[in-house]
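Down below is the structure, laid out as structure tokens.
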Amino acid sequence: MSFDLTDDQKHLHDRVRGFIQEKIIPLEEPGLPRQIDDAFRQELIALAKDAGLLSPHVPKAFGGMGLNHVDMSIAFMAAGYSLLGPVAMNCAAPDEGNMNLLYKVATDEQKERWLRPLAAGDARSCFAMTEPAPGAGSDPSLMQTTYRKDGNEFVISGRKWLITGAHGAGFAIIMARPESGEEGAATMFFADMDTAGIEIVRDVATVDRTFTGGHAEVEFKDVRVPESAILGEEGQGFRYAQVRLAPARLTHCMRWWGAAKRCHDIATDYARTRMAFGKSLMEHEGVGFLTADNEIDLHLSQLSIWHTAWTLDQGKRAGRESSLAKVACSEALDRVADRSQQILGGMGVSHDTVVAQIATEMRGFRIYDGPSEVHRWSLARRLARG
């Protein structure tokens, strides 16, 4: 593969970067910002629509920009320079991953009902898979949520937690296993969030503030959905989860790369101008080495992202590549944010800059869509098989 950007890719980067700098960063609140609500989200979405930068990952037939994975990486990394950027461009989790899944798996009728309004930014969704202990977390085989057939309907019962965006979502994609106990089987179902039996039990307080709708614990009490609510084929839910997760791991890397670059730029500018002991911080070897290490981690993370994106564009599943990228990028970009805080000193733990917020929110990157330990375990299993 070539790492040289074409003129079109350079133009795409400049368009997104200019949009983020001119339209989005001025909307960032000083200090610790408020949780993004749907009214603010719609304000951000309108700006991206006007700029022609809405839903870069969605095919043009459904109102998106129709970018391939490599071009997506350029747009997503530039969007991530502000934590508000992916929200504005409608490429934030979990909607971005859900849109990708729907386009690949849903029927034409389901795409019109569920995908099109998502791609337009007119609706939000949530993905209900994770459960409180002893239910499914990193090990999906522990899933406790079940479904059974009743006439021409399915009845779903269970509890999910840390369901991102549940508050205000138009619909959920619910993962459940058959009540009959068929081993290794699960099914995905669509359900409007106002369906009888769906109850948001509580909000789960977390360190992040940029996921619209926050995170919730959700109860499903004999929720009835029609046969047409099945996403894909019955019993294939775990396979579809991998269809969703491999690209979703990578898009997390893209967005957080942009955020880490923002931290590095702020810290580097500070180090050039802040004086201590007769010279700028940058001239002190200890600080200079911190910025150099940031450059190394950013560069290698970018190459890992691009290679995985290129692999996906070749029509491959890229499960191994996305696991490698998820571990490498989540840990490297976390180091970039941490070093940036150290360079900034007291300012790095204040909210006078966005660095403290990014560093705090980035911590979850090493956990969601598979913690680093699970990906390492998966990679090791591949090696054991030869």
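Heavy-atom contacts from other residues, nucleotides or ligands closer than 6.0 Å to NE2 of His351 number more than 12. Within a 6.0 Å radius of OH in Tyr103, other residues, nucleotides and ligands contribute 12 heavy atoms or fewer. Open room surrounds CD on Glu22; 12 or fewer heavy atoms of other groups in view lie less than 6.0 Å from it. With a 6.0 Å radius and a threshold of 12 heavy atoms from other residues, nucleotides or ligands, Phe277 has its CZ atom at or below the threshold. Few gaps surround NZ on Lys111; more than 12 heavy atoms of other groups in view lie less than 6.0 Å from it. Within a 6.0 Å radius of CZ in Arg274, other residues, nucleotides and ligands contribute 12 heavy atoms or fewer.
A salt bridge links Arg376 and Glu331; the closest N-O separation between the charged side-chain nitrogens and carboxylate oxygens is under 4.0 Å. For the pair Arg116 and Glu109, the salt-bridge criterion is not met [side-chain N within less than 4.0 Å of a carboxylate O]. Salt bridge present: Asp334 and Arg366 bring a charged side-chain N and a carboxylate O closer than 4.0 Å. A salt bridge is defined here as a Lys NZ or Arg NE, NH1 or NH2 lying under 4.0 Å from an Asp or Glu carboxylate O, and Lys316 with Glu321 fails to meet this definition. Looking at Asp338 and Arg335, no side-chain N of the basic residue comes within less than 4.0 Å of a carboxylate O on the acidic one, giving no salt bridge. Look at Glu199 and Lys221 and you find a salt bridge, because one of the NZ, NE, NH1 or NH2 atoms lies within 4.0 Å of a carboxylate O, short of that distance. Under 4.0 Å is where a charged nitrogen must lie from a carboxylate oxygen, and between Asp150 and Arg224 at least one such pair does.
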Show me, pair by pair, the donor-acceptor contacts under 3.5 angstrom made by side chains of residues 182-194, not counting sequence neighbours?
unit_1	atom_1	unit_2	atom_2	d
Thr187	OG1	Tyr147	OH	2.9
Thr187	OG1	Gly235	N	2.8
Asp192	OD2	Arg113	NH2	2.8

Would you tabulate the side-chain donor-acceptor contacts of residues 241-248 under 3.5 Å, counting partners in other chains and residues two or more places apart, or write 'none'?
unit_1	atom_1	unit_2	atom_2	d
Gln242	OE1	Arg249	NH2	3.4
Arg244	NE	Asn98	OD1	3.0
Arg244	NH2	Pro94	O	3.2
Arg244	NH2	Asn98	OD1	3.2

Please table the atom pairs, donor to acceptor, closer than 3.5 Å between any side-chain atom in residues 47-62 and protein atoms at least two apart or in another chain.
unit_1	atom_1	unit_2	atom_2	d
Lys49	NZ	Ala120	O	3.1
Ser55	OG	Asn90	ND2	3.0
Ser55	OG	Ala119	O	2.6

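Using modelled atom types, no side-chain atom of Asp297 and backbone atom of Val336 make a donor-acceptor pair closer than 3.5 Å. Put simply, the side chain of Gln314 gets close to the backbone of Trp310: a donor and an acceptor are under 3.5 Å apart. At distances below 3.5 Å, at least one donor-acceptor pair connects side-chain atoms of Arg124 with backbone N or O atoms of Gly165. Listed for the Asp222 side chain is no donor-acceptor partner under 3.5 Å among the backbone atoms of Val155. Looking only at distances, no side-chain donor or acceptor of Ser304 sits under 3.5 Å from a matching main-chain atom of Leu300. In terms of modelled atom types and a separation under 3.5 Å, the side chain of Tyr240 and the main chain of Glu233 share a donor-acceptor contact. Of the possible donor and acceptor atoms, none in the side chain of Glu179 sits under 3.5 Å from a partner among the backbone N and O of Arg148. A donor-acceptor contact shorter than 3.5 Å links the side chain of Glu131 to the backbone of Gln144. Listed for the Glu283 side chain is a donor-acceptor partner under 3.5 Å among the backbone atoms of Ser280. Under a 3.5 Å cut-off, the side chain of Ser378 and the backbone N or O of Val374 do not form any donor-acceptor pair.
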Given the rule in the side-chain contact (heavy atoms from CB on, under 4.5 Å) test, do Arg209 and Ile36 qualify, once you have shown the distances and angles that lead to the verdict? CA-CA 7 Å; Arg209 304 179 67 84; Ile36 297 176; over 6 Å; no

For a side-chain contact (heavy atoms from CB on, under 4.5 Å) check, start with the C-alpha distance between Gln302 and Phe3, then their side-chain angles and the critical distance, and finish with the verdict. CA-CA 10 Å; Gln302 185 176 46; Phe3 290 101; over 6 Å; no

Would you check, one step at a time, whether the test salt bridge (Lys or Arg N to Asp or Glu O under 4.0 Å) holds for Asp265 with Arg262? CA-CA 5 Å; Asp265 288 349; Arg262 176 92 174 274; over 6 Å; no

How far apart are the C-alpha atoms of Ile25 and Val354, what are their side-chain angles, what is the distance that settles it, and do they pass the side-chain contact (heavy atoms from CB on, under 4.5 Å) test? CA-CA 10 Å; Ile25 288 178; Val354 75; over 6 Å; no

For side-chain contact (heavy atoms from CB on, under 4.5 Å), just list the numbers for Leu67 and Leu12, CA-CA rounded to whole Å, side-chain angles, deciding distance to a tenth of an Å, and then say yes or no. CA-CA 10 Å; Leu67 303 184; Leu12 173 64; 3.9 Å; yes

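Between His167 and Asp203 the shortest side-chain heavy-atom distance falls below 4.5 Å. Residues His307 and Thr311 are in side-chain contact: their nearest non-hydrogen atoms beyond the backbone lie under 4.5 Å apart. A heavy-atom distance below 4.5 Å is found between the side chains of Leu101 and Phe127. Between Thr145 and Lys160 there is a side-chain heavy-atom pair separated by less than 4.5 Å. Side chains of Pro140 and Phe238 form a contact here, defined as non-hydrogen atoms less than 4.5 Å apart. In this structure the side chain of Ser157 never reaches within 4.5 angstrom of the side chain of Val223, judged on heavy atoms.
Shortest non-hydrogen contact noted between Ile305 and Cys253 is CD1-O, 3.6 Å. When all heavy atoms of His252 and Ala93 are compared, the pair lying nearest together is CE1-CB, 3.6 Å. Contact between Ala259 and Ile358 at its shortest, heavy atoms only, is O-CD1, 3.6 Å.
The closest side-chain donor-acceptor pair between Gln357 and Thr360, if any, does not fall under 3.5 angstrom. Between Asp139 and Ser141, the side chains place a donor N or O and an acceptor N or O closer than 3.5 Å (distance only, hydrogens not considered). At a cut-off of 3.5 Å, with distance as the only test, no side-chain donor of Asp8 or Thr6 sits close to an acceptor on the other residue.
Distance check, rounded to the nearest 0.5 Å: CD of Glu219 to CZ of Arg202 gives 12.0 Å. In this structure, Asp95 CG and Thr212 OG1 are separated by 8.0 Å, a value rounded to the nearest 0.5 Å. Expressed to the nearest 0.5 Å, how far CG of Asp269 lies from OG1 of Thr353 amounts to 11.5 Å. Here Thr130 contributes atom OG1 and Arg159 contributes atom CZ; the two are 15.0 Å apart, rounded to the nearest 0.5 Å.
Remark: Arg255 fails to qualify as a cation-pi partner of Phe76 under the 6.0 Å distance and 45° angle criteria applied to the six-membered ring. For the pair Lys261 and Tyr81, the cation does not sit on the ring face, since its NZ or CZ is not both under 6.0 Å from the ring centre and inside 45° of the axis.
For Val287, the side chain to side chain contact (heavy atoms under 4.5 Å, CB included) partners are Ala271, Leu281, Ile343, not counting sequence neighbours.
Evaluation of the side chain to side chain donor-acceptor pair (under 3.5 Å) test over residues 70-80, restricted to residues two or more places apart or in two chains, returns Gln9-Asp71, Ser73-Trp306. Here ring pair (Phe, Tyr, Trp, His ring centres under 6.0 Å) pairs that include residues 210-232, with residues two or more places apart or in two chains, are Phe211-His215.
Grouping the Ile, Leu, Val, Met, Phe, Trp and Tyr side chains by contacts below 4.5 angstrom, directly or via other members, places Met129 with Leu102.
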